[in-house]
*Asks:* 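Starting off with a structure, shown below.
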Amino acid sequence: MTNENDIKILMQSIGKKAKRASEILALAPTKQKDDALKAAAAEIRKAKNNIIAANKKDMDIAVGRGLAGAMLDRLMLDETRIESIARSIEDIIDLKDPIGDILSEKIRPNGLKISQVRVPLGVIGIIFESRPNVTADAGTLCLKSGNASILRCGSESAHSSRMIHACLVKGLKKAGLPEEAIQLIPTQDRAAVGELLKLSEYVDIIVPRGGKSLIERVQNESRVPVMAHLDGICHVYIDADADLEKAVSISVNAKMRRTGICGSAETLLIDKKAIDSHLTPILSALHEKGCEIRGDKDVVKAFNESREATEEDWGTEYLDAIISVRVVDGVQGAIDHIAKYGSNHTDSIITENSKAAEKFLNEVDSAIVMHNASTQYADGGEFGMGAEIGISTGKMHARGPVGLEQLTSYKYQVRGNGQIRP
């Protein structure tokens with residue numbers, strides 16, 4: 001038996017187990033699912049030293065591979081971040097179970113009662129790269145929404161993800177739910193991803209989180225519907241009517257709070273009418289924080305510490321302390337730039353002009369559009385979802401942060417008393 005056949009057999013087995021587990025989860029009462037989550041959070045706290053030790057192995061390997069600082073930040077776990085993982089699970093416990101919700105109900109003239117009822121998607125495959133917290137976020141969100149999950153972490157986070165996954169499995173066992181409800185693919189062989197993408201008999205949807213090459217591969221090869229989390233090429237537009245203090249603080253936070261997350265601003269757009277008043281204070285604040293400025297000719301002329309941007313910069317997700325800066329002709333110029341170079345993720349306008357704000361909010365075609373707020377708020381937890389599997393940048397089946405409700409579908413229940421169709 002070849003290695004390729006071994007992996008195919010492995011993935012078929014994982015798919016079958018997930019399908020069986022999903023049938024149990026779909027009918028599991030809320031309390032049983034919450035008991036599993038509560039136990040998992042406790043296990044993660046109990047295992048924090050082991051998780052940190054496993055994470056150190058991942059970090060050492062990542063440093064040896066020459067990963068950039070922002071990528072190391074995404075990978076790193078300490079006591080604070082592990083506690084945050086546990087709290088995120090507990091936040092999910094506090095959220096309403098969406099399964100069984102009646103979305104609409106009507107009685108037809110013939111007496112048929114038609115109800116639209118929320119149900120789980122079934123089995124969800126999640127492919128992600130360097131952030132080990134996704135193991136907990138994805139697994140627990142799927143569990144609460146009645147879905148079985150198959151997780152494929154990147155090689156960068158393998159040790160950390162395995163340790164976190166073990167805690168989730170202990171939680172399932174303590175609650176009397178099948179441990180196959182949350183499975184972590186045990187091999188880093190790339191062929192496993194290819195086999196996962198073929199499991200249309202068992203898997204209902206694939207959610208990829210990672211770089212452009214991963215997303216493109218999944219979209220090109222998958223026989224299963226894909227809910228894509230594409231590049232986070234996020235923009236902050238500084239309008240002529242922006243409050244300077246807000247403009248500075250939001251721009252710095254949007255770029256520099258955490259440069260390695262998908263909600264980090266990659267491009268700053270400045271109204272040409274705001275060059276004299278806003279450009280230097282904002283760019284100086286960014287520069288002081290260690291951010292490299294790549295600007296168009298107007299920016300380079302006005303700010304000595306900048307270098308000239310290339311055409312490639314406008315469509316680059318740096319995930320690092322680098323930002324591209326362009327001067328645009330008002331809010332329409334910003335909208336046009338975002339339409340050409342954006343990734344439909346998250347974009348923000350800073351202005352005290354309500355008309356300009358509404359135009360931006362209505363005309364920018366992104367999953368998340370903001371007014372006077374940092375793009376770093378593009379996060380399911382900040383949206384009150386407890387956590388998220390990712391930010392969906394498409395329009396089918398969900399858009400924006402993917403939380404509990406976005407991991408469900410619906411079915412129609414029709415109740416009659418003997419009606420036949422004439």
Side-chain angles (χ1 to χ4, degrees), residues 1-22 25 40 51 54-55 57-58 61-62 74-75 85 121-143 147-173 177-211 213-229 389-390 402 407:
M1 183 181 290
T2 66
N3 183 53
E4 184 176 334
N5 283 335
D6 289 342
I7 290 174
K8 184 173 183 178
I9 292 169
L10 169 68
M11 295 308 299
Q12 286 283 327
S13 174
I14 288 173
K16 289 176 183 177
K17 290 175 181 177
K19 190 70 173 178
R20 287 196 295 268
S22 72
L25 285 183
I51 295 172
N55 185 248
K57 292 180 182 178
D58 288 331
I61 294 170
R74 298 175 81 171
L75 176 60
I85 290 171
L121 289 171
V123 177
I124 302 176
I126 301 105
I127 306 168
F128 58 98
E129 293 182 336
S130 61
R131 294 179 65 180
N133 64 292
V134 176
T135 305
D137 289 348
T140 54
L141 280 169
C142 287
L143 172 60
N147 297 289
S149 55
I150 300 173
L151 311 177
R152 172 50 153 82
C153 67
S155 58
E156 303 91 346
S157 63
H159 295 93
S160 309
S161 294
R162 286 177 196 140
M163 192 62 65
I164 292 170
H165 174 253
C167 296
L168 303 183
V169 170
K170 288 179 181 178
L172 290 167
K173 288 181 177 179
L177 289 170
E179 60 183 275
E180 295 85 7
I182 305 174
Q183 296 182 79
L184 182 68
I185 296 174
T187 176
Q188 289 302 308
D189 195 309
R190 283 173 55 87
V193 173
E195 292 300 324
L196 176 61
L197 300 179
K198 297 175 185 176
L199 292 180
S200 56
E201 184 179 353
Y202 306 114
V203 179
D204 294 281
I205 195 162
I206 296 286
V207 182
R209 285 189 62 167
S213 61
L214 169 66
I215 305 297
E216 287 179 349
R217 180 190 177 190
V218 171
Q219 290 182 320
N220 290 336
E221 295 183 19
S222 184
R223 298 179 188 172
V224 181
V226 176
M227 190 187 301
H229 174 118
I389 284 186
V402 177
L407 294 175

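The model shown is predicted, which means the values in this text are computed figures rather than measured ones.
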*Asks:* Looking at every heavy atom in both Ala54 and His159, which two are closest together, and how far apart are they?
*Replies:* O-CB, 3.4 Å
*Asks:* Please tabulate, one pair per line, all N/O donor-acceptor pairs under 3.5 Å involving side-chain atoms of residues 179-192, not counting sequence neighbours.
*Replies:*
from, atom 1, to, atom 2, distance (Å)
Gln183, NE2, Ile14, O, 3.0
Gln183, NE2, Glu180, O, 3.4
Thr187, OG1, Asp189, N, 3.1
Gln188, OE1, Ser155, N, 3.0
Asp189, OD1, Ala191, N, 2.8
Asp189, OD2, Asn3, ND2, 3.2

*Asks:* Examine distances only and state if a side-chain atom of Ser160 and a backbone atom of Ile51 form a donor-acceptor pair shorter than 3.5 Å.
*Replies:* no
*Asks:* In Å and rounded to the nearest 0.5 Å, what is the CD1 to CG distance from Ile124 to Leu407?
*Replies:*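 Going from the CD1 atom of Ile124 to the CG atom of Leu407 covers 4.5 Å.
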*Asks:* Side chains of Arg131 and Asp137, heavy atoms from C-beta outward: is any pair under 4.5 Å?
*Replies:* no
*Asks:* Could you please spell out the steps behind the side chain to side chain contact (heavy atoms under 4.5 Å, CB included) verdict for Lys17 and Arg20?
*Replies:* CA-CA 5 Å; Lys17 290 175 181 177; Arg20 287 196 295 268; 3.6 Å; yes
*Asks:* If I take atom NZ from residue Lys170 and atom CG from residue Leu168, how far apart are they, to the nearest 0.5 angstrom?
*Replies:*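 One finds 11.0 Å between NZ of Lys170 and CG of Leu168.
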*Asks:* Does Pro178 reach the side chain of Leu172, with side-chain heavy atoms less than 4.5 Å apart?
*Replies:*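 They are not in side-chain contact.
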*Asks:* Just verifying a value: how many Å separate Glu195 CD and Arg152 CZ, rounded to the nearest 0.5 Å?
*Replies:* 12.0 Å
*Asks:* Ser161 pairs by side-chain hydrogen bond (donor to acceptor under 3.5 Å, both in side chains) with which of Asp58, Asn133, Thr135?
*Replies:*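 Result: among Asp58, Asn133, Thr135, Thr135 is the only option passing the side-chain hydrogen bond (donor to acceptor under 3.5 Å, both in side chains) with Ser161.
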*Asks:* So which atom in Ala136 and which in Ile164 form the shortest heavy-atom distance, rounded to 0.1 Å?
*Replies:* CB-CG2, 3.9 Å
*Asks:* May I have the list of side-chain donor-acceptor pairs in residues 199-211 shorter than 3.5 Å, sequence neighbours left out?
*Replies:*
from, atom 1, to, atom 2, distance (Å)
Asp204, OD2, Val123, N, 2.8
Arg209, NE, Ile389, O, 3.3
Arg209, NH1, Ile389, O, 2.7

*Asks:* How many angstroms lie between atom CE of Met227 and atom CD1 of Ile126, to the nearest 0.5 angstrom?
*Replies:* 9.5 Å
*Asks:* Search all heavy atoms of Gly139 against all heavy atoms of Ser149 and return the closest pair with its distance.
*Replies:* CA-OG, 3.9 Å
*Asks:* Looking at every non-hydrogen atom in both residues, tell me the closest pair between Ser157 and Glu129 and how far apart they are.
*Replies:* OG-O, 3.2 Å
*Asks:* To the nearest 0.5 angstrom, please state how far the CG atom of Leu196 sits from the OG atom of Ser222.
*Replies:*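 The CG atom of Leu196 sits 7.5 Å away from the OG atom of Ser222.
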*Asks:* At what distance, to the nearest 0.5 angstrom, does CD of Gln219 lie from CG of Leu197?
*Replies:* 11.0 Å
